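Note that the structure is a prediction, hence the values are computed from the model and not measured. We count residues from 1, following the sequence as given.
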Amino acid sequence: MKAIVIHAAHDLRVEDRPDEAVGAGQVKIALAAGGICGSDLHYYNHGGFGAVRLREPMVLGHEVSGHITELGAGVAGLAVGDLVAVSPSRPCGSCAYCYEGLPNHCLNMRFYGSAMPFPHIQGAFRQVLVADASQCARAEGLSAGEAAMAEPLAVCLHATRRAGDLVGKRVLVTGCGPIGLLSILAARRAGAAEIVAVDISDFTLQMARRVGADVTVNTATDPDGLTDFAAGKGTFDVLYECTGVAAAVIPAIATMRPRGIIMQLGLGGDMALPMVMLTSKELDLRGSFRFHSEFAIGVDLMRKGLIDVKPLITATLPLDQAEAAFRLAADRSQAIKTQIAFA
Ligand SMILES: [Zn+2]
Ligand SMILES: [Zn+2]
């Protein structure tokens with residue numbers, strides 16, 4: 001079988017990898033769709049991010065779906081032929097945080113396509129994937145591409161859960177890549193009354209309006225576009241910060257009303273923050289990292305038609321054009337989510 005392997009920055013190869021056997025409680029999956037994520041792009045463009053560096057070749061990918069071709073012993077509730085979304089979250093189930101009910105903080109997490117531990121955790125961009133049945137959410141009624149959106153959607157549902165009650169709230173979303181756009185969908189589904197979206201690309205802002213943003217601001221062409229929202233003591237109850245870039249975070253903090261909640265999803269690196277404003281406005285700064293139970297919740301929301309991710313899938317390229325797909329995925333003037341078709 002073929003797999004998409006990153007060797008170093010800009011050294012992406014489609015290589016043969018041996019088939020794996022299906023163990024008890026596992027399923028074999030013919031991969032159908034794989035979405036390219038910001039972290040995959042960091043490995044491709046920079047060989048890692050922050051202190052995380054590639055130290056050996058690694059199969060990329062963690063946003064995948066496919067059809068079951070074989071069931072291991074003891075698997076119930078899944079059948080050969082089923083389309084499933086496969087969660088890349090693989091906590092150990094037996095560390096202190098897993099016992100505490102915080103599996104996204106598992107001390108032994110084996111999240112697909114991650115160079116944090118060594119040896120690296122190999123990813124899921126492979127034609128044939130063996131996964132635990134517990135990672136699989138049945139995705140009948142969805143396209144393979146929609147099913148492969150379950151992972152980034154889960155990230156945004158987790159942040160929404162951490163944000164608390166959104167009913168009637170005014171929400172600001174900074175950064176309108178896939179995570180920002182899915183945050184708009186998740187916040188609206190959770191009851192947000194008004195959603196303002198910020199980016200520096202007209203293409204992504206047009207997509208933000210399409211998925212439900214009430215107001216969009218291009219801070220590249222309209223640098224003072226957020227000023228009115230900062231009047232008085234600010235406007236927004238909740239911020240989904242999806243850039244991780246100080247130039248976006250700091251003006252956004254100025255628009256938060258007292259006791260507002262800042263959900264930090266963007267992972268751009270460390271930065272200096274206006275601590276006096278955070279303190280005097282009694283703002284809550286909350287990190288949000290990965291997800292666990294939200295994966296199956298997101299698949300259900302899509303299957304019920306309550307969240308529609310289809311507009312976000314802007315291109316699907318075949319496996320033999322993997323490198324072109326990675327280059328396209330990095331182009332925010334024309335791509336939101338670029339996926340690879342494995343079958
Ligand atoms: Zn992802
Ligand atoms: Zn654990």
Are the side chains of R257 and F236 in touch, meaning some heavy atoms are under 4.5 Å apart?
no
With a 4.5 Å heavy-atom cut-off, do F291 and C156 have their side chains touching?
no
Show, in sequence, the C-alpha distance, side-chain angles and deciding distance for V128 and T69, and conclude whether the side chain to side chain contact (heavy atoms under 4.5 Å, CB included) test is met.
CA-CA 9 Å; V128 181; T69 59; 5.7 Å; no
Aromatic ring pairing F125/F342, orientation class (parallel under 30°, perpendicular over 60°, tilted between):
tilted
Would you mind writing out the side-chain donor-acceptor pairs for residues 263-276 within the sub-3.5 Å range, not counting sequence neighbours?
unit_1	atom_1	unit_2	atom_2	d
Q264	NE2	E241	OE1	2.7
Q264	NE2	G266	O	3.0

Counting distance only, does the side-chain N/O of R162 pair as donor-acceptor with the main-chain N or O of G287 below 3.5 Å?
yes
Kindly give the heavy-atom pair with the smallest separation between G93 and C98, and that separation in Å.
N-SG, 3.2 Å
Could you tell me which non-hydrogen atom of A254 sits nearest to which non-hydrogen atom of A230, and how far apart they are?
O-CB, 3.4 Å
What closest approach, in Å, do Q135 and S89 show between heavy atoms, and which atom pair accounts for it?
CG-O, 4.5 Å
Closest heavy-atom pair, L172 versus A252, reported as atoms and distance to 0.1 Å, is CD2-CB, 3.8 Å
Residues M302 and M149: closest non-hydrogen pair is CE-C, 4.5 Å
Within the distance-only criterion (no hydrogens, no angle test), does the side chain of E20 pair as donor or acceptor with the backbone N or O of V130 below 3.5 angstrom?
no
So, for F118 and H120, is the gap between ring centers shorter than 6.0 Å?
yes
Got a donor-acceptor contact below 3.5 angstrom from the K28 side chain to the I68 backbone?
no
Does the R303 side chain pair with the main chain of R138, one donor and one acceptor, at a distance under 3.5 Å?
yes
Check: G61 main-chain N/O paired with D40 side-chain donor or acceptor under 3.5 Å:
yes
Quick one, C136 and I29 - any side-chain contact, counting heavy atoms below 4.5 Å?
yes
List the steps and the verdict of side-chain hydrogen bond (donor to acceptor under 3.5 Å, both in side chains) for T204 and R332.
CA-CA 7 Å; T204 61; R332 274 288 167 268; over 6 Å; no
Backbone of A24 reached by a side-chain donor or acceptor of Q26 within 3.5 Å:
no
In terms of side-chain geometry, is the basic nitrogen of R189 or D308 positioned less than 4.0 Å from the acidic oxygen of its partner?
no
Could you check if a side-chain atom of L182 sits within less than 4.5 angstrom of a side-chain atom of V155, using non-hydrogen atoms only?
no
Do M277 and F229 share a hydrophobic cluster, counting only Ile, Leu, Val, Met, Phe, Trp and Tyr and linking them when any side-chain heavy atoms are less than 4.5 Å apart?
yes
Contact summary for I195 and I184, nearest pair of heavy atoms
CD1-O, 3.7 Å
Do the side chain of K2 and the main chain of L319 share a donor and acceptor less than 3.5 angstrom apart?
no
Check: T174 and V249 side chains under 4.5 Å, non-hydrogen atoms
no
Linking I/L/V/M/F/W/Y whenever their side-chain heavy atoms sit closer than 4.5 Å, directly or via other members, would I4 and M58 fall into one cluster?
yes
F49 with L54, same ILVMFWY side-chain cluster at under 4.5 Å:
yes
Residue pairs meeting side-chain hydrogen bond (donor to acceptor under 3.5 Å, both in side chains), one or both in residues 223-240, sequence neighbours left out, come to T160-Y240
Please tell me whether L142 and I336 are part of a single hydrophobic cluster in this structure, the criterion being side-chain heavy atoms less than 4.5 Å apart.
yes
Let me check something: do L60 and M109 share a hydrophobic cluster, defined by ILVMFWY side-chain heavy atoms less than 4.5 Å apart, either directly or through other members?
no
So, does N104 use its side chain to make a donor-acceptor pair with the main chain of F289 at under 3.5 Å?
yes
Would you indicate whether the side-chain heavy atoms of L41 and F326 approach each other to under 4.5 Å?
yes
Counting N and O atoms only, with roles assigned by atom type, does the side chain of D165 sit under 3.5 Å from a partner on the main chain of V167, one being a donor and the other an acceptor?
yes
Residue from Y112, F295, F111 passing ring pair (Phe, Tyr, Trp, His ring centres under 6.0 Å) with H62:
F111
If only atom types and distance count, is the side chain of R17 paired as donor or acceptor with the main-chain N or O of R126 below 3.5 Å?
no
Check whether any side-chain heavy atom of T314 sits under 4.5 Å from a side-chain heavy atom of M207, and report yes or no.
yes
Side chains of D320 and V14: closer than 4.5 Å at any heavy-atom pair?
no
